Number of protein chains: 2
Amino acid sequence: MTTVEPVADTRTRLLATALRLFSEHGVEGTSLQMIADELGVTKAAVYYHFKTKSEITEAVAEPGIRELDELVVEAAKHRRHGARVDHLLDGFVDLVVRHRVLVALFSSDPGIDAALAKSRHGVEGFKQALISIVAGEPEPDVTARVTAIVAFTGIAMAGGAPDLAEVDDETLRQELVGVGRRLLGRPRRRVC
Amino acid sequence: MTTVEPVADTRTRLLATALRLFSEHGVEGTSLQMIADELGVTKAAVYYHFKTKSEITEAVAEPGIRELDELVVEAAKHRRHGARVDHLLDGFVDLVVRHRVLVALFSSDPGIDAALAKSRHGVEGFKQALISIVAGEPEPDVTARVTAIVAFTGIAMAGGAPDLAEVDDETLRQELVGVGRRLLGRPRRRVC
DNA sequence: GTCTATAAAATGATAGAC
DNA sequence: GTCTATCATTTTATAGAC
């Protein structure tokens, strides 16, 4: 532990700044100039850290994509349908609360898809996976699909909503899990 | 009746094309060149109909904004809270189903806010209004606010979801009202 | 109402100095 | 690791012919 309180390196600050600007103006609405200005450096400095704008977008999305990926894999392992839904909902809400605007961006910004299209995993696949798990695999009925879409996009967007920015993590987590369970028809949990 | 089957005029086709491209690529991700190409005309022709890109965005959003405005005003007239919520939910779902992608755009695209910021009504005001009506005016509790946000953004996004594009209007309307009532704690309606 | 042509600015991106 | 300078392309937008 040679350095205490290390100032976040430029790459880290860059990604945090990019995420904030993406959530305010959208990916396509955010230029490298805006990111550079916000960081107090020039565009060329930004290009030292990332070869293209698409790389920045991918790097911003990466933690969310990775965690979402793991979550879907883990949730699918449960034998019972109810257990799968519980695991998925708890994990998804946890992800939303920890990343707030990022998961909302997945649900709403076409620029994310465009950037991820070139890399291995698009975001559209996850939406399908989430719906499949809660709505059931073979030809889920319309009600189940609508419910799943409303629940997960609603929860994701709520995490990024400015109106809820001041709500603390633990409270938001409980509220979102509560509303999710009601929607997905999961029984109320005993308060332990 | 001099002309039967009148071909939609350019202005109308332009707005329909713009809405489709906006929903696919976002407002900022859609250039006038893309709109012109899709219409089979030049950019200059597009500029004959609208002075700026912002004007196109406003014109695309206008019907939704106007109807949403009327809905909020009408819903607020009811004496009982339950009646206000019912009116708002029914009207909102109707709007979502008739416009599909447009209301989703309101919920998700920062480019819409940017274009509407200059004109009289931003879209942020509506979100507040919807939440106030269902969550109650004076300092609504967190649970009510979270529920309202999840419900309305979830319903709006579901209307624009490609996964539900093939669902017919009447079915989608029933499903969305159903999920909305469950979320907002409204009693199940008798099937009449 | 649509076209060609063009302007002015911004964008993503690179080369090379420090 | 950041800078200045520059480039090619694209973008929004206008002028004027048909």
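A quick note: this is a predicted structure, and the numbers were derived from the prediction, not measured.
Annotation: ring-ring contact (aromatic ring centres under 6.0 Å, His included) contacts involving residues 54-110 of chain A, sequence neighbours excluded, comprise A/His78-A/His87, A/Phe92-A/Phe152. Residues in residues 23-48 of chain B take part in no ring-ring contact (aromatic ring centres under 6.0 Å, His included) pair, two or more places apart or across chains. Applying the ring-ring contact (aromatic ring centres under 6.0 Å, His included) test to residues at least two apart or on different chains, none of the pairs has a partner in residues 123-142 of chain A. Residue pairs meeting the salt bridge (Lys or Arg N to Asp or Glu O under 4.0 Å) criterion with at least one member in residues 36-45 of chain B, sequence neighbours excluded: B/Arg20-B/Glu38.
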Summarise how protein sits on nucleotides 12-18 of chain C as a single string, 5' to 3': B when a protein heavy atom is under 4.0 Å from the base, S for sugar-phosphate-only contact, - for no contact. BBBB---
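The nearest whole Å value for the distance from the CZ atom in A/Phe50 to the P atom in D/dG1 is 12 Å. A straight line from CZ of A/Arg11 to P of D/dT2 spans 13 Å, rounded to a whole angstrom.
B/Arg66 is linked by a side-chain hydrogen bond (donor to acceptor under 3.5 Å, both in side chains) to B/Glu62, counting only residues two or more places apart in sequence or in another chain. Not counting sequence neighbours, the partners of A/Arg100 by the side-chain hydrogen bond (donor to acceptor under 3.5 Å, both in side chains) test are A/Asp169.
Of the side-chain N and O atoms in B/Tyr48, one or more sit less than 4.0 angstrom from OP1 or OP2 of C/dG1. Dashed line: the shortest gap from a side-chain N or O of A/Thr42 to OP1 or OP2 of D/dC3 is under 4.0 Å. For C/dG1, the OP1/OP2 oxygens have no side-chain nitrogen or oxygen of B/Thr10 closer than 4.0 Å.
Looking at the side chain of A/His49, the nearest of the listed nucleotides D/dC3, C/dT2, D/dT2 is D/dT2.
With values rounded to the nearest 0.5 angstrom, A/Ile65 atom CD1 is found 8.0 Å from A/Leu102 atom CG.
For the segment residues 12-26 of chain A, the set of residues with a heavy atom within less than 4.0 Å of an atom of DNA chain C is empty.
Counting Ile, Leu, Val, Met, Phe, Trp and Tyr side chains that sit under 4.5 Å apart, directly or through other members, B/Val73 stands alone, with no cluster partners.
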